[in-house]
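Some notes on the structure that comes next.
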Amino acid sequence: MQEYLKQQIAGALRKIAPELDIPEITIQKPRSPEHGDAATNVALTLAKALKQNPRSIAEKIAGNIDVSTGYIKGVEVAGPGFINFRFAGNWLSDKLSGAHQAGKEFGRGRMLENKKIQVEFVSANPTGPLTVGHGRNAVLGDTIARVLQWAGADVQREYYFNNAGRQMRVLAESVRARYLQAIGQEAEFPEGGYEGAYITDIAEKVKEQHGNSLLGEEHLPVFRQAAEEGIFEDIRKTLARMNIAMDSFFNENTLYEDGSIDKVIATLRDKDLIYEEDGATWFKTTSFGKDKDTVLIKSTGEPTYRLPDIAYHINKLERGFDLALDIFGADHIATYPDVVSAVRACGYDSDRIDVIVYQFVTIVKDGKPFKMSTRKANFVTLDELMDEVGADVTRFFFLMRAPGTHLEFDLNEAKQAGEKNPVFYLQYAHARIQSIMKKVRDTYDFSGKTPDFGLLVHDSEVTLVKRILELPEVIQLTAGQREPHKLIQYLNELATAFHKFYHDCRILGEDEPLALARTELLTVTATVLANGLGILGISAPDKM
RNA sequence: GCGCCCGUAGCUCAACCGGAUAGAGCAACUGCCUUCUAAGCAGUAGGUUACAGGUUCGAGUCCUGUCGGGCGUACCA
């Protein structure tokens, strides 16, 4: 429809001002329904070039729009020079039939067809259970992956982790200390060790398996491995509970084993971007506009996390992804430019890397900000949150707001917020429709009959139809901007349109043709709700 | 100090890369269930978009400065 309107306007412009280059014509959906179904501001943007007042340009364009095809019902000039279009009923019913026939596939797009996209998210090291702090990352990543799939992309979900490093050593030492305590030995708990109760649980398991046989310090790897396995098992369970399934787990260690870390250093050295100072190896980030150079290998010989990060992103590109998306918290924002510079310096197309930065969730407990620390066991886990409010509300909560805004989460109100969470508004609409469907099936026999959507002329019906038809566009928009809250907003509007319809129009008791048209209208509505909720990873219940 | 993000109704947040009268939910107030689920519908109230300038037909949105918050600015991840 947009294309059709653009052609019409371009045609009109050629008649009015043949010598003019046709500009980019933007069509937008007016905020207020009084302004029609679509509008353009071309007259305003052309006012200067044509040296005429926008209003009269608009009048001329409007006068040259062909309304005889039957898809456009009205063309008006309004305000300072907007041109508003109204769609005709037969256009709506044609499109609705299309949506009806598309069935469960309605809304799928081809924008990203044949694109291989990787979304990397969660990527928490296995040092403890996933907390509500990880929740926003996990849910955003998974939902963006889902919407990209709906836009036609071939998507892989990857979880990147590091099981070597200092963190893991401290973790192993913490487990060992608990183990020694459990078998009655004196053991000093390591400084800065992990204090959580889950450490003791892991130690208990090690004790069950190995008894008292792990006294010596040389057994530390056993504790490390037990911790990693136990914690990863929990993480996977938590993710599964949230409706998230990773396609692959990528161990940072791979990058050391296959030599890609060394290769990065060698390549950057060839480009004269590496130097040694104070026993450390530095990357000349100043030549990319930073005010300081960056250490890649510490004087201890241990690389900083930035180095494997670079190698990892090169690895992604070598695996052939058209796009590698990272989901990052605000704390990682500073490293991203370094990675991009290095990847580009190594001769790769860094445009294929993109990052989504979300702002931190501020946890509020008892009216005060609550600082979480995995080490100090000061945290609220996602499992605890889901115990309280369930997986649907948990997902919805993290998706409701734009990733770029700070999000405040009041734990004391979490449950209460759960009970009146707007997610129920959407789910209720779906359940309500299913309930009607059941009654309709008991009352009418529509088998083999085709609905005549032209019968849907009530205001509430027309509004609902228009909403339904927006789904494909909203999915494209959400996928393009990677902002799931736009889909939520749309589903809210759709649900509102449905509830209004429910209030104004009935099915039971109506003549069969109208009842049939309305029933099938609701079939499509339910499909849109289910598809939308599906993209959000939230259930669409038949009963509530 | 410097860099990035943010500041919109009492609260939590929208506003489709500059468009028309800045919108929802929660909280408050008023109506609507003998009829397909009242987890709903209809209505009232709530705003100098932190502040001050600038750019233009037009600014919550863009540029400059100020104030306030978050995160970076580590040979931590």
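Quick note: numbers below take in every heavy atom, side chains included, and nothing from hydrogens, waters or symmetry partners. Model, not experiment: these values are computed from the prediction. Below, chains carry the letters A, B, ... as their sequence lines are ordered, and counting in each starts from 1.
- The shortest non-hydrogen separation linking A:T478 to A:P484 is CG2-CA, 3.7 Å.
- Taking for each of A:R375 and A:S435 the nucleotide of RNA chain B with the nearest heavy atom, the 5'-most of the two is the partner of A:S435.
- Between B:rU64 and B:rA22, the distance separating the two C1' atoms is 25 Å to the nearest Å.
- Atom name P, nucleotides B:rC29 and B:rA15: the rounded distance is 31 Å, in whole Å.
- The closest donor-acceptor contact from the side chain of A:R224 to the backbone of A:N163 lies under 3.5 Å.
- Scanning all heavy atoms of the two residues, the minimum distance from A:V77 to A:G81 falls at CG1-CA, 4.5 Å.
- Here the C1' atom of nucleotide B:rA77 and the CG atom of A:L296 are 15 Å apart, to the nearest Å.
- A:K292 has no side-chain polar atom (N or O) that falls below the 4.0 Å cut-off from OP1 or OP2 of B:rC2.
- Minimum atom distance to the side chain of A:D331 is reached by B:rG72, of the listed B:rC75, B:rA38, B:rG72.
- Of the listed residues (A:R86, A:K95, A:K466), just one forms a salt bridge (Lys or Arg N to Asp or Glu O under 4.0 Å) with A:D37, and that residue is A:K466.
- A:I57 has its CD1 atom 11 Å from the C1' atom of B:rC57, to the nearest Å.
- Distance alone, capped at 3.5 Å, is enough to place a donor-acceptor pair between the A:T40 side chain and the A:T26 backbone.
- Closest to the side chain of A:R506, from the set B:rA42, B:rC71, B:rC36, is B:rC36.
- Across all strands shown, B:rC57 forms a Watson-Crick or G-U wobble pair with B:rG19, both key distances being under 3.5 Å.
- Nucleotides B:rG72 and B:rC63 are separated by 25 Å at their C1' atoms, to the nearest Å.
- Comparing the C1' positions of B:rG7 and B:rG43 gives an interatomic distance of 32 Å, to the nearest angstrom.
- Atom CZ in A:F424 sits roughly 17 Å away from atom P in B:rA38 (whole-Å rounding).
- Both A:A330 and A:I433 lie close to RNA chain B; mapped to their nearest nucleotides by heavy-atom distance, the more 5′-ward contact belongs to A:I433.
- A straight line from OH of A:Y358 to C1' of B:rG72 spans 15 Å, rounded to a whole angstrom.
- With its glycosidic angle more than 90° from 0, B:rC29 adopts the anti conformation.
- A gap of 14 Å separates the C1' atoms of B:rU61 and B:rC6, to the nearest Å.
- Rounded to a whole angstrom, the distance from the C1' atom of B:rC62 to that of B:rU56 is 11 Å.
- The nearest whole Å value for the distance from the CD atom in A:E302 to the C1' atom in B:rA74 is 14 Å.
- If you take CZ of A:F328 and C1' of B:rA77, they are 11 Å apart, rounded to a whole angstrom.
- Within the nucleic acid shown, A:D542 comes within 4.0 Å of at least one base atom, counting heavy atoms only.
- The separation between A:I436 atom CD1 and B:rU35 atom C1' is 13 Å, rounded to whole Å.
- Applying the 4.0 Å criterion to OP1 and OP2 of B:rC76, one finds that A:K298 has a side-chain N or O inside that range.
- Both the sub-6.0 Å distance and the 45° axial angle are satisfied by A:R432 relative to the ring of A:Y502.
- The two atoms that bring A:N162 and A:N125 nearest to each other are N-OD1, 2.9 Å, heavy atoms only.
- Contact check, A:Y425 against B:rC41: a side-chain N or O comes under 4.0 Å of OP1 or OP2.
- Checked against a 6.0 Å centroid threshold, the rings of A:F288 and A:F283 count as neighbours.
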Footprint string (nucleotides 14-24 of chain B, 5' to 3'): B base within contact, S backbone only, - free, heavy atoms under 4.0 Å: SSB--BBB---

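- Nucleotides B:rG60 and B:rG19 are separated by 10 Å at their P atoms, to the nearest Å.
- Across all strands shown, B:rG65 forms a Watson-Crick or G-U wobble pair with B:rC51, both key distances being under 3.5 Å.
- With hydrogens and angles ignored, no donor-acceptor pair under 3.5 angstrom links the side chain of A:Y428 to the base of B:rA39.
- Annotation: cation-pi pair A:R401/A:F397 present, NZ/CZ under 6.0 Å from the ring centroid and within 45° of its normal.
- If you measure from atom CD of A:Q359 to atom P of B:rG7, you get 10 Å, rounded to the nearest angstrom.
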